[in-house]
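Only heavy atoms go into these numbers, but all of them, side chains included; no hydrogens, no water, no symmetry mates.
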Amino acid sequence: MASLNEKIRLYLGREVDFTQDVCLQDDGDGVVYIKEWNVEEAQPTEEQLNALESEATTSENNENVVATRIKLYGTTAEQLEYIVENGVSAFITKQTQIKTDNPKS
């Protein structure tokens, strides 16, 4: 299940400041809801947010894949060292394999 944060970000079509623009709350029961809505756009209905579930899940999954890829690529210094030691072709092969092993949705 996608996070409410991601659904709101998709609804608004931009990044959101969740400390000022939109304040979420969880009363300890695990149900997160919109406590304050401080943006120009109309606050979405539950139905509007639910309609974004699939897109939000895909977006969150892709963010996780990108984070995994970045970790596996290594730092810029590590990548340069790999190129110097193994050549550009080997580097491209390695990067391609990382993408193949960690595909986006």
Any non-hydrogen side-chain atom of R14 less than 4.5 Å from a side-chain atom of V39? yes
Can you tell me how far CD1 of I34 sits from CD of E46, rounded to the nearest 0.5 angstrom? 8.0 Å
Run the side-chain contact (heavy atoms from CB on, under 4.5 Å) check on V16 and N5 step by step: do they pass? CA-CA 8 Å; V16 181; N5 300 44; over 6 Å; no
Are L12 and L24 connected in a single hydrophobic cluster, I mean Ile/Leu/Val/Met/Phe/Trp/Tyr linked by side-chain heavy atoms less than 4.5 Å apart? yes
Heavy-atom distance under 4.5 Å between the side chains of P44 and W37, does that happen here? yes
Count I, L, V, M, F, W, Y as connected when their side-chain heavy atoms are under 4.5 Å apart, and connections chain through other members. Are V65 and I98 then in the same cluster? no
side-chain contact (heavy atoms from CB on, under 4.5 Å) between K7 and N50, intermediate numbers included: CA-CA 8 Å; K7 292 178 190 178; N50 288 340; 3.9 Å; yes
Please check if any side-chain donor atom of D17 sits under 3.5 Å from a side-chain acceptor atom of T19, or the reverse. yes
Applying a strict under-4.5 Å side-chain criterion to I, L, V, M, F, W and Y, I'd like to know whether I70 and F91 cluster together. no
Heavy-atom side-chain contact between K99 and Y73 under 4.5 Å: yes
At their closest point, which heavy atom of P103 faces which heavy atom of R69, and how far apart are they? CA-NH2, 4.0 Å
With the side chain counted from C-beta on, respond yes when D26 and Y33 share a heavy-atom pair under 4.5 Å apart, and no when they do not. no
Validation row: D101, Q97 side chains within 4.5 angstrom (heavy atoms): yes
Any idea which heavy atoms bring S105 and T58 closest together, and the distance? CB-CG2, 3.7 Å
Donor-acceptor pair, side chain of E81 and main chain of E78, under 3.5 angstrom: no
One pair to check against side-chain hydrogen bond (donor to acceptor under 3.5 Å, both in side chains): E60 and N64. What are the steps and the verdict? CA-CA 6 Å; E60 288 179 342; N64 290 335; over 6 Å; no
Of all heavy-atom pairs between E6 and S59, which one has the smallest distance, and what is that distance? OE2-OG, 2.5 Å
Kindly indicate, with the supporting measurements, whether the criterion side-chain contact (heavy atoms from CB on, under 4.5 Å) is fulfilled by N61 and K104. CA-CA 8 Å; N61 289 342; K104 290 184 182 178; over 6 Å; no
What I want to check is whether the side chains of Q25 and D27 have a donor and an acceptor closer together than 3.5 Å. yes
For residues V66 and L72: do they belong to one hydrophobic cluster (side chain heavy atoms under 4.5 Å, members Ile, Leu, Val, Met, Phe, Trp, Tyr)? no
So, do F18 and I8 sit near enough that their side-chain heavy atoms are less than 4.5 Å apart? yes
Correct closest heavy-atom pair for Y11 and A42 would be OH-O, 2.7 Å
Any donor-acceptor pair under 3.5 Å from Q48 side chain to T45 backbone: yes
Report yes if the side chains of V22 and N38 come closer than 4.5 Å at any heavy-atom pair, otherwise no. no
Distance, nearest 0.5 Å, that separates NZ of K94 from OG of S89: 14.5 Å
Report the C-alpha distance between E36 and Q43 in whole Å, list the side-chain angles of each, state the deciding distance to 0.1 Å, and finish with yes or no for side-chain contact (heavy atoms from CB on, under 4.5 Å). CA-CA 9 Å; E36 291 181 35; Q43 182 171 333; over 6 Å; no
Y82 reachable from V88 in the ILVMFWY side-chain graph, under 4.5 Å edges: yes
To the nearest 0.5 Å, tell me how far N102 CG sits from N62 CG. 11.5 Å
